[in-house]
Structures are given as structure tokens and as C-alpha cells.
Protein chains: 2
Amino acid sequence: MTKVTILDIAEHTGVSAGTVDRVIHNRGEVSLKTREKVLQAIKKLNYEPDILARSLASRKTLRFAALLPEGSNPFWIKPAEGLNAAWREIKPFGIAFEEYRFPYYHKTKFYRQLNAITESKPDGVVIAPVFTDLLQEPLQKLEDSGIPYVFMNTQWENSNYLSFVGQDSMQSGRVAARLLDYCIPEGGQILIFNFISSKGVNSHLQSREQGFMDYFMSEPGAGKKKILTINANTQINKDIEDLLSYHLGLISNPDEITGIFVTNSRVFHIANALEKIKQANIRLVGYDLLDENIRHLRNSRIDFLIGQKPFEQGYKSIITLFNAIVRKKEVPENQFLPIDIITKENIDFYLNL
Amino acid sequence: MTKVTILDIAEHTGVSAGTVDRVIHNRGEVSLKTREKVLQAIKKLNYEPDILARSLASRKTLRFAALLPEGSNPFWIKPAEGLNAAWREIKPFGIAFEEYRFPYYHKTKFYRQLNAITESKPDGVVIAPVFTDLLQEPLQKLEDSGIPYVFMNTQWENSNYLSFVGQDSMQSGRVAARLLDYCIPEGGQILIFNFISSKGVNSHLQSREQGFMDYFMSEPGAGKKKILTINANTQINKDIEDLLSYHLGLISNPDEITGIFVTNSRVFHIANALEKIKQANIRLVGYDLLDENIRHLRNSRIDFLIGQKPFEQGYKSIITLFNAIVRKKEVPENQFLPIDIITKENIDFYLNL
DNA sequence: AAATTTTCCGTGTGCGTACACGAAATTAAA
DNA sequence: TTTAATTTCGTGTACGCACACGGAAAATTT
């Protein structure tokens with residue numbers, strides 16, 4: 001039960017190791033006849049190359065690149081850590097890795113960096129496609145060079161990505177809906193709060209909202225709750241407070257609103273505002289384990305956070321490239337990460353994911 | 001910025017590769033003076049061995065073993081898959097792996113298998129210590145042989161395990177409590193249902209119950225709910241139905257019980273019984289993604305399941321051995337996996353974890 | 001001082017694969 | 001048929017490390 005090597009199948013075929021190597025790598029210079037014989041022997045002896053010896057002997061180093069926002073945006077710290085953690089593991093296999101960052105809202109630099117990546121001709125790319133308009137052309141250039149790329153966190157349908165690693169946005173909205181539905185009594189009113197931005201991409205916010213609405217449309221018995229949506233284009237505390245006060249005041253009975261769903265990680269702004277305008281007893285659900293959100297979850301001003309496993313998004317993206325390119329495995333087109341429901345009680349176990 | 005090899009530090013020290021190799025492996029036959037010089041050079045040049053070349057050159061294969069219940073118990077299928085998935089990844093490094101199984105309730109065979117493992121003198125072991133009494137002695141034999149072992153799923157404090165991979169049972173009880181607390185109105189009554197067994201180990205059931213109770217003791221405003229505990233030593237449908245009917249009947253107002261917490265994966269029994277005795281509108285929380293539980297979650301007879309990431313438990317246990325033994329890394333003493341909160345809406349993303 | 005032992009160290013080979021180089025075999029051109 | 005041009009294949013070396021073997025140097029004994 002010893003390991004089958006390249007020499008075994010050379011012997012078995014009556015040729016030399018070099019020849020076998022040539023057919024394995026499709027490097028030509030082998031007659032069709034012997035080529036067939038070698039291939040048969042490979043199948044028969046069930047040979048599979050030793051990945052260790054392979055990358056030891058191969059002098060060339062593969063280069064991976066990643067395009068993602070700068071760490072100044074707190075959400076993007078974890079994915080970067082995941083990328084690098086995965087890289088450390090595959091580094092011994094002769095993989096180089098370079099990050100290309102851009103300021104979160106800076107569309108121009110995003111495209112510039114993407115082109116820079118294409119020009120550097122890496123062997124694989126991870127992209128967080130924060131901006132999706134005008135993505136067609138630079139992405140096409142990548143594809144023309146035959147460079148595979150993985151989408152991380154956000155998806156861009158109209159393209160031939162190798163794999164997508166992230167969350168099912170619409171379904172995460174349904175999860176949020178379920179939680180609020182359980183938490184608040186019949187007749188309660190629910191607020192959806194969208195922090196939209198003219199500069200960034202908001203498509204996943206829409207998906208989340210839609211999933212949320214879907215739930216209340218389809219779940220039997222849940223339709224009795226009224227739902228109100230606010231789209232806000234501000235992050236200024238005072239504005240948010242006023243906005244909330246106004247909408248809470250609109251309702252005849254101010255106690256009626258009993259739940260708020262914030263469709264992104266800015267939920268801490270709402271928590272702050274609710275505290276300021278002295279509104280307790282409103283269930284609050286939002287996204288992501290930012291420090292400020294964690295704080296509010298711990299002191300119960302936020303009730304649920306939905307986690308996206310940002311670290312794993314990065315980790316898995318790199319591993320996907322590795323599996324596809326080095327191990328030559330099939331990789332799934334979509335890798336949906338779990339939609340984590342996080343409370344004060346279980347948050348400690350999600351902090352590094 | 002090229003890679004530092006054993007030859008680089010040999011040159012730098014003025015000795016040969018063989019000598020460097022001897023000090024790296026503490027194989028003696030090196031004078032104290034040159035030994036020091038080599039060690040300094042290693043530090044200075046920041047040398048770290050190439051794990052690929054290392055395991056390629058090393059002829060010896062390490063052997064890992066795992067002790068866990070048979071797959072006839074549905075819970076233990078996933079951990080076994082995780083073990084094997086991890087093994088496939090590290091197999092190229094010359095790792096062999098053997099499973100030792102035992103019938104879930106068969107204490108004698110458990111110990112017999114544990115001793116068999118010890119006698120086979122593996123290089124690392126994963127143990128699911130389902131039975132903890134009398135564990136002292138066979139475990140001591142393992143330790144005397146200097147064989148490191150990882151606890152999977154269950155912990156056994158009184159021992160020098162390398163690492164524990166599993167869930168914080170008590171905290172998971174708190175999570176369950178939080179969920180029921182949110183779901184049911186003030187004045188509602190809650191039932192804790194323990195499926196105890198005279199044959200198996202119940203310690204984590206106790207922890208879960210205690211965490212559950214703790215929550216209601218400490219969380220402000222939550223204490224207003226009455227809590228009742230049932231310990232059942234049966235898995236016969238009729239018995240369970242009678243038991244539930246009886247306790248539901250005990251209460252003056254039968255509608256008062258609005259939540260049931262089942263402390264293990266047998267929650268499907270309760271779901272079945274509730275259906276049989278025509279009790280809807282009772283929130284039900286339990287553990288683990290068994291097929292029957294999933295079914296009930298999907299048709300809303302179970303509201304929340306708490307997931308333990310059984311696949312990852314297996315996966316991480318093997319990887320932990322690998323990191324400790326092959327990569328010679330520090331491994332954390334306790335590796336608590338997330339306490340997943342699972343509903344109908346997000347279950348699809350947890351099925352393989 | 002020679003003989004013996006002990007300590008210390010260098011050399012060489014192999015792990016399984018990649019790839020360059022050149023030789024042999026085949027085919028095409030003369 | 002001879003020679004040149006191609007095609008096809010074998011050999012050798014390298015990747016970074018582990019380990020066996022044996023030899024030189026030092027320490028110890030006669």
C-alpha cells in the first residue's frame with residue numbers, strides 16, 4: 001500500500017520519468033501512442049501527484065492579489081485578516097500575495113486599482129466589488145488575460161467569476177424579519193431603516209429589505225404588523241435623532257413602533273439616537289460586529305446582530321483560489337456563508353469569525 | 001528577499017548543513033560553542049524550516065487516531081465527516097488516520113477501544129469522552145506514553161488534554177433562555193425538558209439547564225416567568241405524550257406554558273408529542289440539526305435549534321493535532337465553537353457545518 | 001608518544017517532482 | 001543512400017530537508 005510515484009507509472013509503461021512528466025503537464029513532445037499508454041497507467045495505478053514535492057520542485061511562485069476597501073472602514077478589517085490568515089497557510093506552497101486597497105467611497109481609485117491588478121498579471125484575484133457600475137470593462141480585461149477571480153462579500157451577476165463567497169442578502173433579511181416577528185406582539189409596528197449613500201453601492205441593502213418584506217408577506221399570521229420604511233442619507237447624529245423623533249411622533253400611539261430593522265452595520269447610530277430621545281423597549285436588529293454595535297448589544301440597546309463571517313469571507317476566498325489553481329479542484333460557484341444570529345449571550349464566540 | 005534555507009545559516013555560521021540539522025533537531029553530537037553560533041544565526045536570519053521539504057524528506061508517517069461513537073447515532077455522523085475532511089487535507093504530509101468506534105451506550109467497548117488506541121501507540125488522538133467515570137486510568141496510560149490527545153465535543157476537566165474543541169454548554173443554555181425570553185410574553189410559563197439516560201453521560205445537559213436558569217435569575221426583568229423542569233428517562237412516544245399532557249394539565253390555565261426548552265437533540269420527540277396532543281403556539285427550542293429536527297423546524301413546530309457545528313468539531317480536532325505535532329505551534333487549551341442560533345430561515349446555510 | 005576512545009563534524013544520498021539539455025529515433029529533403 | 005530537419009524521449013540536476021556513514025580532531029588511556 002505504498003505511494004504511487006511518477007517513476008512507478010514510468011516503469012509500468014516502459015518509458016522514463018521525463019516522458020511521464022511531459023504528458024502530465026501536456027507539454028507536448030510525446031507521441032500519441034505513448035501518451036495514451038501513460039494516461040492509462042495513471043488511471044490504472046490511480047496515481048495522483050504529490051502536492052508537496054510538486055511545489056518544492058517548481059521554482060515559480062504564483063501570485064494572488066486582492067482588491068478591497070481600506071481598513072479605515074471598520075467592516076473591512078476582518079476580511080483582510082482572513083485573506084492574510086489563509087495566505088500564511090498556503091505560503092509554503094510558493095504563493096505570493098498582494099493587497100490592493102482603495103478608499104471606501106472612491107470609485108475612481110477602485111477602478112484604477114483594478115486595472116493595476118490586471119496589468120501586474122497575477123495568477124488569481126479576489127475582488128470585493130463595492131462598485132458595480134462600469135465594472136464590465138475592467139473585468140473583461142481580467143478575463144481576457146485568463147485570470148480567474150473570486151468575488152468576496154458582494155456579487156456581480158453579469159460576469160464569469162470563479163466563485164462568490166459571501167452571504168445571501170435577501171435571505172438574511174428574512175432572518176431579521178423572523179426575529180422581530182417573534183419578539184414583538186401582534187399589532188406592533190416595525191420600522192425599516194436604510195442608511196443609503198449616493199456614493200456607494202446599495203444593492204444588498206435593497207435585497208435585505210426585500211427579504212424582510214417577503215417574510216411578512218408570506219409567513220402565515222405575520223402579516224398583521226405594519227411596516228414603515230425610512231431611507232436616510234445622513235450619518236449625522238442630530239439628523240438621525242430628528243428623523244426618528246419625527247417618525248415616532250407621526251404615529252398616533254407612540255408605543256406602537258416596537259421594532260426597528262437597520263439594513264446595514266450603521267445600526268449603532270440608531271441605538272445612539274434611541275438612547276438620546278429616551279426610547280427604550282424598541283427591539284433593534286442590525287448587521288455586523290463592529291465595536292460600537294458590540295457595545296450596544298452588550299448593554300441591550302441592540303437585541304440582535306446578524307453576522308456575515310467577514311473573516312471567513314476573506315479566508316475562504318483565498319483558499320478557493322488555491323483549490324482551483326493549485327489543487328485543480330472544482331470549486332462551487334456560490335459559497336454562501338451562514339447567516340449568524342448573534343445576541344449578548346453568544347457574541348463572544350463570533351468575535352473572530 | 002529570497003527564502004532562508006538550512007544552507008544559508010550553515011554558510012553564515014561556517015559549518016555544514018548536517019551540523020545545522022543536528023542542532024535543529026537536538027540530535028546532539030554538536031559542541032556547545034557551534035551550537036550556540038548556529039542558534040544565533042537561525043534567529044538572526046529568521047530561518048524557519050520549509051514544512052514541505054521537511055515532510056517530503058522525512059520517511060516516517062505519523063499516525064492519528066480518533067475515538068467516537070458509531071454513526072448509528074445520527075449526531076456523530078458529522079463529526080466523523082469533519083475528521084476525515086481534515087485528514088484528507090493533511091494526508092500529503094504523511095499522516096495516517098484510523099477511527100475507533102464504539103456503540104453509543106456501550107461503556108465497556110468504549111474503554112476497550114481506548115486501550116486499543118493506547119496500545120497501537122499513535123502520535124496523536126482525538127477523543128469524544130462520552131463516558132467520563134473511570135476515565136482516569138486509561139487516560140493516564142495514554143499520557144504515560146506521551147501521546148497528546150484532544151477532547152472533542154465533551155470535556156473532562158481532570159486531565160491534561162492538549163485542547164478541547166466544542167461548545168460552552170452553560171452559555172448555550174443562556175442563549176436558549178434569551179430566545180424564549182424574547183418570544184413569550186410576561187407571565188408565561190416555561191418548561192425545561194431533560195431526556196436523561198442512566199447509561200450515558202448527562203453532564204452537559206445539566207450545564208445547559210443551569211445556564212438557562214442563570215439567565216432568568218440574572219437578566220433584569222426576565223424573572224417574572226415561571227420555570228418548571230421535567231426529567232424523563234424514556235424515549236417512547238406514548239410516555240412522552242402522557243408526561244406532557246400531565247404537566248400541561250397541572251397548570252390551572254393550560255395556556256400558560258408558552259415555551260419549552262429541550263436540553264438535547266431529542267427535541268423532535270417533544271415536537272411529535274405536541275402535535276399529537278394538539279398543542280400549538282408553544283415555542284420550542286432544542287439542539288442539533290438532526291434530520292427529524294430539521295423537518296420540524298421547517299414546518300414551524302420547532303422554533304429555534306441551537307447548532308454545535310459538529311462537522312467543524314471533527315475538522316478542528318484533527319487540525320489541532322496537526323498544528324501541535326507537525327507545525328509545532330501553540331494551540332489554545334479551549335476552542336469554543338460558536339453557539340449557532342438556527343431558524344427556518346437560515347438553516348440551509350448550516351447544514352454542512 | 002603511540003594507541004585507543006570519544007567528541008564533533010562534513011559528505012552523500014534520497015524523498016517526488018519539474019525542467020533543461022542533449023541524444024536517439026523518425027521523417028523529410030537532397 | 002546520405003544528410004538535414006524534426007520529433008520523441010532519456011538523463012541529470014535542483015528544490016530544501018533528514019539522516020546514515022565515515023573521517024578528522026580532540027580527549028583519554030596505555
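Heavy-atom basis, side chains included; hydrogens, waters and symmetry copies ignored. Every chain is numbered from 1, with letters handed out A, B, ... down the list of sequences.
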Quiz prompt | Rounded distance in Å - CD (B/Glu29) to C1' (D/dA25) | solution = 14 Å
Quiz prompt | Covered region of DNA chain C, 5' end to 3' end, by chain A [heavy atoms, under 4.0 Å] | solution = C/dG16 to C/dC19
Quiz item: Which is it for A/Tyr149 and A/Leu67 under the side-chain contact (heavy atoms from CB on, under 4.5 Å) test, yes or no, and what are the steps along the way?
Solution: CA-CA 10 Å; A/Tyr149 55 94; A/Leu67 177 62; over 6 Å; no
Practice problem: On DNA chain C, check which nucleotide each of A/Pro49 and B/Arg22 is closest to and give me the residue with the more 5' one. | Solution: B/Arg22
Exercise. By nearest nucleotide on DNA chain C, pick out whichever of B/Arg59 and B/Leu32 is the more 5' one.
Key: B/Leu32
Exercise. Measure from CZ on A/Arg54 to P on D/dG16 and round the result to the nearest Å.
Key: 18 Å
Quiz item: So, is A/Thr34 close to the D/dC9 phosphate, meaning a side-chain N or O under 4.0 Å from OP1 or OP2?
Solution: yes
Quiz item: Does the side chain of B/Phe93 reach to within under 4.5 Å of the side chain of B/Phe322, using non-hydrogen atoms?
Solution: yes
Practice problem: Just compare D/dC15, D/dC17, D/dC9 and give me whichever is closest to any side-chain atom of B/Tyr47. | Solution: D/dC17
Quiz prompt | Partner of A/Val23 by side chain to side chain contact (heavy atoms under 4.5 Å, CB included), out of A/Ile9, A/Leu39, A/Val15 | solution = A/Leu39
Self-check item: Student check: side-chain heavy atoms of B/Pro310 and B/Glu81 closer than 4.5 Å
Solution: no
Quiz item: Over how many whole Å does the gap from A/Glu36 atom CD to D/dC9 atom P extend?
Solution: 13 Å
Quiz item: Does D/dT8 have OP1 or OP2 sitting under 4.0 Å from an N or O in the side chain of A/Ser31?
Solution: no
Quiz item: Can you say whether the rings of B/Tyr161 and B/Phe151 are parallel (under 30°), tilted (30 to 60°) or perpendicular (over 60°)?
Solution: tilted
Quiz item: Closest to the A/Ala57 side chain: D/dA20, D/dA14, D/dC17?
Solution: D/dA14
Quiz item: In degrees, rounded to 10°, what is the bend between the two ends of the helix from C/dA1-D/dT30 to C/dA30-D/dT1, using five pairs at each?
Solution: 60°
Self-check item: B/Thr13 to B/Lys37 - nearest heavy-atom pair and separation
Solution: CG2-CB, 3.5 Å
Practice problem: Tell me which nucleotide among D/dA18, D/dC9, D/dG16 gets nearest to the side chain of B/Leu56. | Solution: D/dG16
Quiz item: Taking only residues at least two apart or on different chains, which pairs with a member in residues 6-58 of chain B satisfy ring-ring contact (aromatic ring centres under 6.0 Å, His included)?
Solution: none
Quiz item: Can you tell me if A/Asn115 and A/Glu119 form a side-chain donor-acceptor pair at under 3.5 Å?
Solution: no
Self-check item: Salt bridge flag under 4.0 Å for residues A/Arg27 and A/Asp21
Solution: yes
Practice problem: Check the side chains of A/Asn158 and A/Gln136 for a donor-acceptor pair under 3.5 angstrom, ignoring hydrogens and angles. | Solution: no
Quiz item: Given atom CG of B/Leu7 and atom P of D/dC15, what is their separation to the nearest angstrom?
Solution: 9 Å
Practice problem: Can you tell me the distance, in whole Å, between the NZ atom of A/Lys33 and the P atom of D/dT8? | Solution: 11 Å
Exercise. Quickly work out the A/Asp21 CG to D/dA14 P distance and round it to whole Å.
Key: 17 Å
Quiz item: Nearest-Å distance, CD1 (B/Ile9) to P (D/dA18)?
Solution: 11 Å
Quiz item: In whole angstroms, how far is the P atom of D/dT8 from the CZ atom of A/Arg27?
Solution: 15 Å
